[in-house]
Each structure stands twice: as C-alpha cells, then as structure tokens.
Colleague: 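The following block contains the structure, expressed as structure tokens.
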Amino acid sequence: MITPDTKDWTWVLERPCPECGLDVRTVPREEVSARLRRSAAAWDKALHGSGDLRMRPRPEVWSPVEYACHVRDVCRLFLERLEMMLTRDDPAYPDWNQDEAAVKGRYGEQEPLTVAAELGEAAEALARRFDGVAGEDWQRTGVRSDGVRFTVESFARYLLHDVVHHLHDVTGARAG
C-alpha cells in the first residue's frame, strides 16, 4: 500500500502495479484525460459514501479524505508541472513534500464533500490541459528534484497511476 512515507514509484512505468492492477504501459497517452476524469468521478462517489471518511484504518495509513486531499493536490501540482514542461525547455520541478503538505493542509480535518468538489475541479483542469497536448509535445521533458526525468507522456502515465492507486487504497477497487 502506498503510504505517506512512500518515496519513489517510477517503477510503475515499467510494469503493472501488483496492488491496484494498473499497467500504465497499456494506456494510450490520448486516453489519460478520459481516465483521469473517470477516476475523479469515482473519487466523488467515494467521498459521498457513508461512515467516517476522516478515520484512519490504522495510524500509519491515511484516511479516505486524506488520500483525496493528496490526490487533489497532486492534480494541482501536476498541472503546474505540465505547464512548465510545455512552455520551458527541460524544466526542473521545485521540491514538494507530500507529508508537509498533508500537515500544513490539515488533510484529516477537511470536509469530504468540499474535497470531492475541489478534487473534481483540479482533475478537470489537468485533464483539459492534457487534452491539448499533441504531436512532439508528448516528448517534451522535465526533471524532478531527485533527478528523475519524465517526458510529458511518462509524466501523464505516472500521474494516472497515482490517482488510480490511491482510489484503490480507499475503495479496494482494482484498475480495469
């Protein structure tokens, strides 16, 4: 299970994820936007569910609302990074500490329905930007602070896994 202390999941670009079942290699880059939108809809449904969505199943595992806040913020961050990749040559991304973001953003205290709306908006904005990517732009590059280099195409697939995997963490549903 991906937990708040997970460091590097770039291996998902090379093989299927044994936990969520997603094999991003099989997702055509042109389908990333549609898959992102479907995942956002599934997140909306999960955050309209019953029970205490702020309760952690175990102390070391995020609650559904904490995972949703993370996914919302990942969509926002990836929109910024995608814009950098499409408008600058080989940009380096500034550091982003997801654990710090969770604490500062008080993820566990946020209102699930508000988070659902914000996640939907962030995912839609990102999906629209991916909709506009064409031709050689899929091969534009950017570099993460740890030196990992992405193309827009690998970046899109990496993002998709994050969104789908965390939904699996919350709902148990495997990618289909």
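Sequential numbering from 1 along the given sequence is applied to the chain's residues. Being a predicted model, the structure only gives us computed values, none of them experimental.
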Colleague: Is any side-chain heavy atom of Val143 closer than 4.5 Å to one of Phe150?
Modeller: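 Counting from C-beta outward, Phe150 and Val143 never come under 4.5 Å.
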
Colleague: When you measure from the side chain of Arg174 to the backbone N and O of Glu19, does any donor-acceptor pair fall under 3.5 Å?
Modeller: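 Side chain of Arg174 to backbone of Glu19, a donor-acceptor pair under 3.5 Å: yes, one is there.
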
Colleague: Could you tell me whether the side chain of Leu113 reaches within less than 4.5 Å of the side chain of His48, counting heavy atoms only?
Modeller: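 Contact flag for His48/Leu113 side chains = yes.
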
Colleague: Is there a donor-acceptor contact under 3.5 Å linking the side chains of Asp73 and His70?
Modeller: no

Colleague: Decide, yes or no, whether a salt bridge links Arg54 with Glu109 under the criterion of side-chain N to carboxylate O below 4.0 Å.
Modeller: no

Colleague: Just by modelled atom types, is the Gly105 backbone N or O under 3.5 Å from a matching donor or acceptor in the Gln110 side chain?
Modeller: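 Checked: pair present.
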
Colleague: With the side chain counted from C-beta on, respond yes when Val74 and Leu159 share a heavy-atom pair under 4.5 Å apart, and no when they do not.
Modeller: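 In contact.
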
Colleague: So, do Val27 and Arg35 sit near enough that their side-chain heavy atoms are less than 4.5 Å apart?
Modeller: yes

Colleague: Does any N or O in the side chain of Arg81 come within less than 3.5 Å of the main-chain N or O of Tyr93, such that one atom is a donor and the other an acceptor?
Modeller: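 Checked: no pair found.
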
Colleague: Without swapping roles, check the side chain of Arg56 against the backbone of Trp62 for a donor-acceptor pair under 3.5 Å.
Modeller: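 No, Arg56 side chain to Trp62 backbone: no donor-acceptor pair under 3.5 Å.
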
Colleague: If you measure from the Lys or Arg side-chain nitrogens to the Asp or Glu carboxylate oxygens, is any gap between Arg140 and Asp90 under 4.0 Å?
Modeller: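 No, no charged N to carboxylate O under 4.0 Å.
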
Colleague: Would you call Arg129 and Ser33 a side-chain contact if the rule is heavy atoms closer than 4.5 Å?
Modeller: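 Arg129 vs Ser33: side chains apart.
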
Colleague: Do Tyr67 and Arg72 have a side chain donor and acceptor closer than 3.5 Å?
Modeller: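 No pair is found: no donor N or O on one side chain lies under 3.5 Å from an acceptor on the other.
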
Colleague: Looking at Arg76 and Glu121, does any basic side-chain N land under 4.0 Å from a carboxylate oxygen?
Modeller: no

Colleague: State, to 0.1 Å, how close Tyr158 and Val12 come at their nearest heavy-atom pair, and which atoms those are.
Modeller: CD1-CG2, 4.3 Å

Colleague: Is it true that Asp131 and Arg37 have a side-chain N and a carboxylate O under 4.0 angstrom from each other?
Modeller: yes

Colleague: Side chains of Leu82 and Leu126: closer than 4.5 Å at any heavy-atom pair?
Modeller: yes

